[in-house]
Protein chains: 2
Amino acid sequence: MSGTNTHVPSVLSAPLPSPVPSEEYDACPVTDVLRRVGDRWTLLILILLGRRPHRFNELHRSVEGISQRMLTRTLRALERDGLAARTVYPTVPPSVEYDLTPLGRTLLNPLSTLADWAVDHGAEIATARDRHDAHSPPPSEQSA
Amino acid sequence: MSGTNTHVPSVLSAPLPSPVPSEEYDACPVTDVLRRVGDRWTLLILILLGRRPHRFNELHRSVEGISQRMLTRTLRALERDGLAARTVYPTVPPSVEYDLTPLGRTLLNPLSTLADWAVDHGAEIATARDRHDAHSPPPSEQSA
DNA sequence: CAGGATCCCATGAGATACTG
DNA sequence: CAGTATCTCATGGGATCCTG
C-alpha cells in the first residue's frame with residue numbers, strides 16, 4: 001500500500017452504526033482492539049513474544065519497569081483473548097512459558113503498520129504539541 | 001501488503017532499546033500513539049472527522065454517549081497533537097468547525113489496517129474469551 | 001520461579017450546572 | 001452554540017507482602 005493514496009480504508013469509510021451505542025462496553029470491535037492494545041504494556045509484551053517464547057521472569061526483566069502484578073494481568077488478558085498461550089512445565093521449581101498463538105501472530109503486521117506511522121510522525125506530533133503548549137501554557141506556577 | 005506474509009515488520013523486529021525505560025511516560029513513540037488512540041472516543045472522532053469537517057454539536061450528536069466534557073477533551077488532545085484543526089467562525093451564535101489536518105489524515109490508513117484486523121478476528125477473540133471465562137469463572141454469585 | 005492478595009494513588013470518564 | 005467548572009465513580013497501574 002506504500003504510495004497508494006487512493007486507497008479507501010474499508011472500515012473507516014463504511015457507515016458507522018451511527019448513533020454509536022455505549023450499552024455496556026464498546027460494541028465496536030475496532031475500538032475494542034485499540035483499547036486492549038492501547039495500555040501501557042500490552043504492545044511491548046506482544047512484540048517480545050512475537051520474537052520468541054518467553055518465561056515469566058524473562059519478560060519481567062526485559063520490560064523492566066513493569067510490576068509482577070501488571071505483567072500477570074497483561075499476560076492473563078492476552079491469554080483470555082486467545083492472543084497468547086501459557087504453557088506450564090510441571091518441573092520444580094515451576095517454569096511457565098508464554099508464546100503468541102497463531103491469532104496473536106496475525107496481529108503483528110497491522111500493529112507494525114501503525115508502529116511505522118508512529119515512528120515516521122512521532123516528531124511532528126511532538127512539535128505540534130510543543131507549539132500548542134507554548135501558546136496555551138498550563139496553569140502552573142509562574143516564574144516571575 | 002495484502003497477501004505478503006513474508007513481510008517482516010520493521011519496528012516489531014527491530015531491536016528494542018531493551019531494558020525499556022519508563023522515565024516519565026513511554027519513550028516509545030509506538031506505545032505513545034497506541035495510548036493516544038486507544039481511549040474510548042478518539043478513534044470514533046478521527047473516523048468521523050476523516051469523512052468531513054464537523055461542528056461541535058454535530059459530533060456530540062453523532063457519537064451519542066459522549067459527554068461534552070469528553071468531547072472537548074478529546075478534540076483538544078487531537079488539536080494539541082496536530083491531528084485535528086479547530087476553526088472558529090466569529091458569528092453569533094459562535095460556530096466552530098473541526099477537521100483533520102494532513103497529519104491526521106495520514107493516520108487513517110494505518111488505523112484502517114488495524115481496523116480490518118479487528119473486524120476479521122473480533123469473533124475469534126470473543127470465542128476465546130468465552131471459552132476462557134467458562135473454564136475459569138469469575139467469582140460472582142453462583143446460581144445454585 | 002511464578003503469581004495471588006491487598007493497599008493506595010493517578011487518570012479516565014460520566015453527570016450536572018453554568019456562561020460568553 | 002460551544003464550551004468551562006465541579007463532583008463523583010470506575011479503572012489503570014505501582015508497591016509490598018505472601019505462597020505453592
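In the text below, chain A, chain B and the rest are named by the order of the sequence lines, each starting its count at 1.
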Nearest-angstrom distance from the residue atom [atom1] of [X] to [atom2] of [N]:
{"X": "B:Phe56", "N": "D:dC1", "atom1": "CZ", "atom2": "C1'", "answer": "9 Å"}
{"X": "A:Arg55", "N": "C:dA2", "atom1": "CZ", "atom2": "C1'", "answer": "9 Å"}
{"X": "B:Arg86", "N": "D:dC1", "atom1": "CZ", "atom2": "P", "answer": "16 Å"}
{"X": "B:Tyr98", "N": "D:dA2", "atom1": "OH", "atom2": "P", "answer": "8 Å"}
{"X": "A:Leu75", "N": "C:dG3", "atom1": "CG", "atom2": "P", "answer": "7 Å"}
{"X": "B:Glu64", "N": "C:dA15", "atom1": "CD", "atom2": "P", "answer": "12 Å"}
{"X": "B:Glu58", "N": "D:dG3", "atom1": "CD", "atom2": "C1'", "answer": "17 Å"}
{"X": "B:His60", "N": "D:dT4", "atom1": "NE2", "atom2": "P", "answer": "14 Å"}

Are the charged groups of [X] and [Y] less than 4.0 angstrom apart, N to O?
{"X": "B:Asp99", "Y": "B:Arg105", "value": "yes"}
{"X": "A:Arg129", "Y": "A:Glu124", "value": "no"}
{"X": "B:Arg80", "Y": "A:Asp133", "value": "yes"}

| note | Side-chain contact check for B:Gln68: nearest option of D:dG3, D:dC1, C:dG4 is D:dG3
Got a list of protein N/O to nucleotides 8-14 of chain C N/O distances below 3.5 Å?
from   : atom 1 : to      : atom 2 : distance (Å)
C:dA13 : OP1    : A:Arg35 : NH1    : 3.0
C:dA13 : OP1    : B:Arg40 : N      : 3.1
C:dA13 : N7     : B:Arg69 : NH2    : 2.5
C:dA13 : N6     : B:Arg69 : NH2    : 3.3
C:dG14 : OP2    : B:Trp41 : NE1    : 3.1
C:dG14 : O6     : B:Arg69 : NE     : 3.1

| Linking I/L/V/M/F/W/Y whenever their side-chain heavy atoms sit closer than 4.5 Å, directly or via other members, would B:Leu71 and B:Val88 fall into one cluster? | yes
Is the shortest side-chain heavy-atom distance between [X] and [Y] below 4.5 Å?
{"X": "A:Glu79", "Y": "A:Arg76", "answer": "yes"}
{"X": "A:Thr113", "Y": "B:Asn109", "answer": "no"}
{"X": "A:Tyr98", "Y": "A:Ile45", "answer": "no"}

| said: Near DNA chain C, counting only heavy atoms under 4.0 Å, which residues of residues 76-83 of chain B show up? | reply: none
| message | Please evaluate residues B:Asp39 and B:Thr42 with respect to the criterion side-chain hydrogen bond (donor to acceptor under 3.5 Å, both in side chains), reporting the C-alpha separation (whole Å), side-chain torsions for both, the decisive distance (0.1 Å), and the verdict. | response | CA-CA 6 Å; B:Asp39 63 16; B:Thr42 299; 2.8 Å; yes
| Sidechain-backbone polar pair: B:Thr106 side chain, B:Leu103 backbone, donor-acceptor under 3.5 Å | yes
